[in-house]
Amino acid sequence: MSMQPARPALTLGAYALTPADPDDAVTFVTALDSLGIDAVEHPLAAPGDPACDPAHVAATLPPAIDLVVTCIPRTMQRLAVDGRYGLSSSDPEGRAAALADLAEVAEFARRLADLSGRRRVRGVEIHTAPAPAQASARGTTGSLDAMRASLATLADLDLAGATLTLEHSDALVAGQAPAKGFWSIDDEIALAAEAGIGITLNWGRSAIEARDAAAPARHAAAAAAAGVLRGLIFSGATDVASPWGEPWDDSHIAPRGSDPALAASAASLLDGDQVLATLRAAGDGLEHVGAKVTAAPGTDVAGRLAVARASLALVRASLDTVAAERA
C-alpha cells in the first residue's frame, strides 16, 4: 500500500479579516481556535505594529496555531515611499533595507519560538520586488541577479525552523495597471528551483494578473511540475465592481458559495469548483493550503468568523476530494 502525503497545514490569512477596533481584534484572534486551523498567514507589518511584537502574538494567538509570515504588507508600504526598496532592487541601499526586514522576521521567529517553547513560524513568504519596468513608476529597476544575491544571503538566515518561499504576486502585464507588479511566475519558478526553496501562490493574484479565473491552476501546474510548489492560498477576485472595490482589485474578496456568510461575495470568480481545479493541478508537494479573505464593510466579529469558516469549508471539501482521488 502506498503512503499518502501528509495533509497540508490548513491556514487562514487572519490579518485580512481582523477588525480595526483593538478590542474586537483581540476577540477575533482569540476565537481563531474555533475554526480548526493549523496556522495563520501573519503580516510583517509596519515597524512598531503589535503584529511585529512576539510577546503580543504569543499572548493573543491561540497557542496551538502556527504562523506563516508574509512580507507583502511591509514590502508595499516601503515601496510606496521608496522605489529603491526590494530584494531584487538594483540599488544597494534598497536591497539592504529589504534584507534588514528579513533579519527582523528571523528575530521575530526565534523570539516567538523561545516564548512558545517550540517552533511557531512554519514559513516565511518573500517577494521579488521590484520588477524591471517599475523604473518609471517607482524610481528604480529590479534585477534577477540582485534577487539571486538576496536569496544567497537569506540561505544563511536562522529562521528558527521556518521554510522560505517566494510568494507570487501579479506580474507586470503590458497595458495593464498592476496590483503589485513583480516578476513573472516563470522567473520566480526558476529562481526558486535554483535556490532550493519553494513557491506560494495566491489564487486571486494569479487571476488578477491574467484577468482569467483559470490562470491560478496553470500557475499551480507549472510550479508543481518544477517541484517547487509549497503553498496555496485562496483569495478571491472579481471582474465587476463589488463591496470589495473595483474590478480586479487585490482586495481578497471571499469565494462565492451557498453558505449565507458568503452571500455578499456572490460576484467572486472563486468558488468550490475553482478551489478543486487548482488543488488538482497542485500535486502532492503542498505544505500549507488555506484562505485569505476579507468581509464586507461593517461586518461584526461573529460575521467575520462566519466568513472565515465558510471559506475554509470550501477548501476542506476540496482537500477531502483530492485526497480520496489519490488514495
Side-chain angles (χ1 to χ4, degrees), residues 5-16 37-44 65-73 75 87 102 105 109 119-128 151 154 159 161-171 180 182-183 185 188-193 195-209 215-237 250 252 255 270 274-293 308 311-312 314-316 318-319 322-323:
R7 183 114 170 178
L10 188 65
T11 304
L12 176 68
Y15 75 98
I37 57 175
D38 302 301
V40 293
E41 195 179 35
H42 183 80
L44 176 61
I65 296 177
D66 290 342
L67 299 86
V68 177
V69 175
T70 173
C71 297
I72 195 63
T75 296
L87 293 173
L102 266 296
V105 173
R119 181 196 71 171
R120 290 293 298 276
V121 178
R122 286 175 175 258
V124 176
E125 298 170 340
I126 61 175
H127 304 84
T128 56
L151 290 171
L154 294 175
L159 292 169
T163 58
L164 201 65
T165 62
L166 289 175
E167 183 185 24
H168 180 64
S169 297
D170 65 299
K180 301 293 186 288
F182 301 152
W183 290 86
I185 187 65
E188 291 180 347
I189 287 171
L191 286 166
I197 63 173
I199 290 277
T200 295
L201 294 177
N202 177 295
W203 191 96
R205 290 175 185 152
S206 290
I208 288 165
E209 173 185 317
R218 294 196 299 270
H219 287 183
V228 296
L229 186 59
R230 298 291 178 267
L232 190 54
I233 297 295
F234 289 97
S235 265
D250 186 16
H252 313 303
L270 178 62
Q274 292 290 353
V275 173
L276 181 58
T278 310
L279 283 171
R280 282 172 170 159
D284 293 334
L286 292 168
E287 295 174 357
H288 66 276
V289 172
K292 181 180 183 178
V293 296
S311 301
L312 290 167
L314 293 179
V315 176
R316 279 193 178 95
S318 291
L319 284 170
V322 170

One should read off an interatomic distance between Tyr15 OH and Thr70 OG1, to the nearest 0.5 angstrom, of 5.0 Å
Taking C-beta and beyond as the side chain, do Val289 and Phe234 meet within less than 4.5 Å on heavy atoms?
yes
Could you pull out the closest heavy-atom pair between Lys180 and Ser169, with the gap in Å?
CB-CB, 3.6 Å
Provide the closest heavy-atom pair for Ile189 versus Ala226 in the form atom of the first, atom of the second, distance.
CG2-CB, 3.5 Å
Could you tell me whether the side chain of Ser318 and the main chain of Val275 form a donor-acceptor pair under 3.5 Å?
no
Note: His168 and Leu201 closest approach over all heavy atoms is CB-CD2, 3.8 Å
Could you report the tightest heavy-atom contact between Ala237 and Ala207, atom names first, then the distance?
CB-CB, 4.3 Å
Atom CD1 in Ile197, atom CG in Leu154: separation rounded to 0.5 Å?
8.0 Å
Tell me the closest heavy-atom pair linking Ser206 and Ala215, and the distance in Å.
O-CB, 3.7 Å
Considering non-hydrogen atoms only, spot the tightest contact between Val315 and Leu279 and give its length.
O-CD1, 4.4 Å
Side-chain heavy atoms of Ile72 within contact of Glu125, under 4.5 Å
no
dist Glu41:CD -> Thr200:OG1 (nearest 0.5 Å) comes out at 8.0 Å
Tell me which one of Arg122, Glu287, His42, His288 satisfies side-chain contact (heavy atoms from CB on, under 4.5 Å) with Thr11.
His288
If I take atom CG from residue Leu12 and atom CD1 from residue Ile37, how far apart are they, to the nearest 0.5 angstrom?
5.0 Å
State the CG-CG distance between Asp170 and Asn202, to the nearest 0.5 angstrom.
9.5 Å
Once you round to the nearest 0.5 Å, how far does CG of Leu270 lie from NE2 of His252?
13.0 Å
State, yes or no, whether a side-chain contact exists between Arg205 and Lys292 at a heavy-atom distance under 4.5 Å.
yes
Member of Leu151, Leu87, Leu191 meeting the side-chain contact (heavy atoms from CB on, under 4.5 Å) criterion with Thr128:
Leu191
Main chain of Leu166, side chain of Arg230: is a donor-acceptor contact present, judged purely on distance under 3.5 Å?
no
